[in-house]
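Here's the structure, in structure tokens; my notes come after.
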2 protein chains.
Amino acid sequence: MDDAVVTDPITRADIDAAADRLRGHAVRTPLLNAPSLDAAMGRRIWVKAECLQKTGSFKFRGGLNAVAQAGGDVVTYSSGNHAQGVALAARMAGRKSVIIMPTDAPQVKIDNTRGYGAEVILYDRATEDRFAIGAALVGERGLELISPYDDARVIAGQGTCGLEIAQDLPEEVSEVLVCCGGGGLAAGVALALEGRATVRTVEPEGFDDMARSLRSGTRQENAAKVGSLCDAILTPTPGELTFPVLQRLAGPGMVVTDEEALRAMAIAWDHLRIVLEPGGAVALAAGLFHHTGDVAVIATGGNVDRDVFLRALSPS
Amino acid sequence: MDDAVVTDPITRADIDAAADRLRGHAVRTPLLNAPSLDAAMGRRIWVKAECLQKTGSFKFRGGLNAVAQAGGDVVTYSSGNHAQGVALAARMAGRKSVIIMPTDAPQVKIDNTRGYGAEVILYDRATEDRFAIGAALVGERGLELISPYDDARVIAGQGTCGLEIAQDLPEEVSEVLVCCGGGGLAAGVALALEGRATVRTVEPEGFDDMARSLRSGTRQENAAKVGSLCDAILTPTPGELTFPVLQRLAGPGMVVTDEEALRAMAIAWDHLRIVLEPGGAVALAAGLFHHTGDVAVIATGGNVDRDVFLRALSPS
């Protein structure tokens, strides 16, 4: 990663400032709890419903906070949720946005990103390098790069989700499970909840670079680039900015299978009446299938193609 | 209807008191807006997501407010959403609840009501009279009746949904569309929004007793008792308490088809990432297909059997 990243350390004041920028623009999402689900599990599960956020994922938070501080038009790369968050935030701010998306992103995410007014440039995840494409656009077209996670403005924006959790979370709950791609949300929420609750990252099987990195103490890479339904969180390696934060604040990383993510989607549909995408359901899956106590999870996104959703609702 | 109803007029102070009782127990639901949907419609639509309320519908509000003021164990009749709201509220208050439900209620609603600890008594909607069964239980077992809508405590509880809408609604929006069975939610919300916005009731085709009653000035009945997917809102006639309130405060009633409700469910899934049942989607359907301006709607419930939901998501 040779692209310029904003490397200031992120403070609680940065997250508070982000919350001020988001007020009146982002959805103040509820922390849901389903007594029917608690009864089935024999313990309590709290679900921060970020799928209800503008553009259907928490990414609008970081996108808006970054765009609000950018000097002009912006470029970013994203499998789709950060894309939509930045695209809408840019349109709201009267800026142009260019988004570099993989060809295998869900069609709904590509369509919606264009719908929010962005210029979409597609690349092949297996053979092309999105960082190089982004760097070229910064040079050629004078755009400002917003990294999906290795950007202090983005991390602070995602941290606002943690501030809201702290306001709503029952005192006795001390663990918050957070899906993890590059770690922007997990790092932001960990900073916002420092001293109040411990964050644990959740990744899909085969893409557990953060869990292995936390275990080994150095940033590990994933062997695979494709091969999970959880398209939203398939990043190659932990972020340069996010990893030290999570090393300091996060508990051991957790891993779930695609099948568990699909089961969590069905349970969210049934008990919480929210629509999740596979990557948005991994923290709930970890809370349901790999945890034994009262716990909070972030349900991070709901931008899902119809066939994948129907698959989750139709047990094989 | 010869059962005793609480007939005090409902004041704003009653709704404020209900809000105090609900605080910390009910979900403070968001008023959602999807830029992608606005763009498709060419106008703005705001959606109060009461499907995220405890027990999956706004009915928990009125149920909790009524149970909190009841002297002992309670009985009520309901096709399922009021049933669940009262059952959970009673369990939280340490009371017993008996719920009279039609045999053709969605299985998920019957199961969940039992799951919340209620005793469920089933009756045949076509041949039996739920009011008579309820009155008998009041006499035989000393239970206190909570009418699903003709009860000032219930109406005031539902009104808290209107207080929240008033806090979140952009100033320029002046119409709020509300699904209508007996009219408890519509009346409560109309009272809470008095002077701020006008409520319009929305009913399924063939069950438009409120629309016809508002037009004629007297309470009309429905010919049919069954025959709509919108099981949640198939009441025979407007309530004694609710009708005068709506006569004074509501605009003309609106009517939608089952097919429109299913289309609204798919749009809510796609653009808002919420799960709605047909009866919970009629106000959104009216806002989408029978309105031409900026408007707010209440998405009232999400307790839906899987086959009905899959039908909504699978265009014929």
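Within every chain, numbering begins at 1; the chains are lettered A, B, ... in the order of the sequence lines, protein sequences first and strands thereafter.
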Report task. Flag the pair B:Arg44 and B:Glu172 as a salt bridge only when some basic side-chain nitrogen lies within less than 4.0 angstrom of an acidic carboxylate oxygen. Result -> no
Query raised in the report: Looking at side-chain heavy atoms only, is the closest gap between A:Phe58 and A:Gln158 below 4.5 Å?
Result: yes
**Report entry** Check: A:Arg28/A:Gln167 side-chain N/O donor and acceptor closer than 3.5 Å
**Finding:** yes
Query raised in the report: Measuring heavy-atom distances to chain A, does B:Leu272 have an atom under 4.5 Å in its side chain, in its backbone, in both, or in neither?
Result: backbone
Report summary line: So, the part of A:Leu88 with a heavy atom under 4.5 Å from chain B: the answer is side chain
Report summary line: Assert top hit (heavy-atom pairs under 4.5 Å, partner chain B, pool A:Leu32, A:Asn33, A:Leu52) equals A:Leu52
Query raised in the report: What part of B:Thr55 gets closer than 4.5 Å to chain A, counting heavy atoms only: side chain, backbone, both or neither?
Result: backbone
Report task. Please answer whether the main-chain N or O of B:Ala118 pairs with a side-chain N or O of B:Arg91 as donor and acceptor at a distance below 3.5 Å. Result -> no
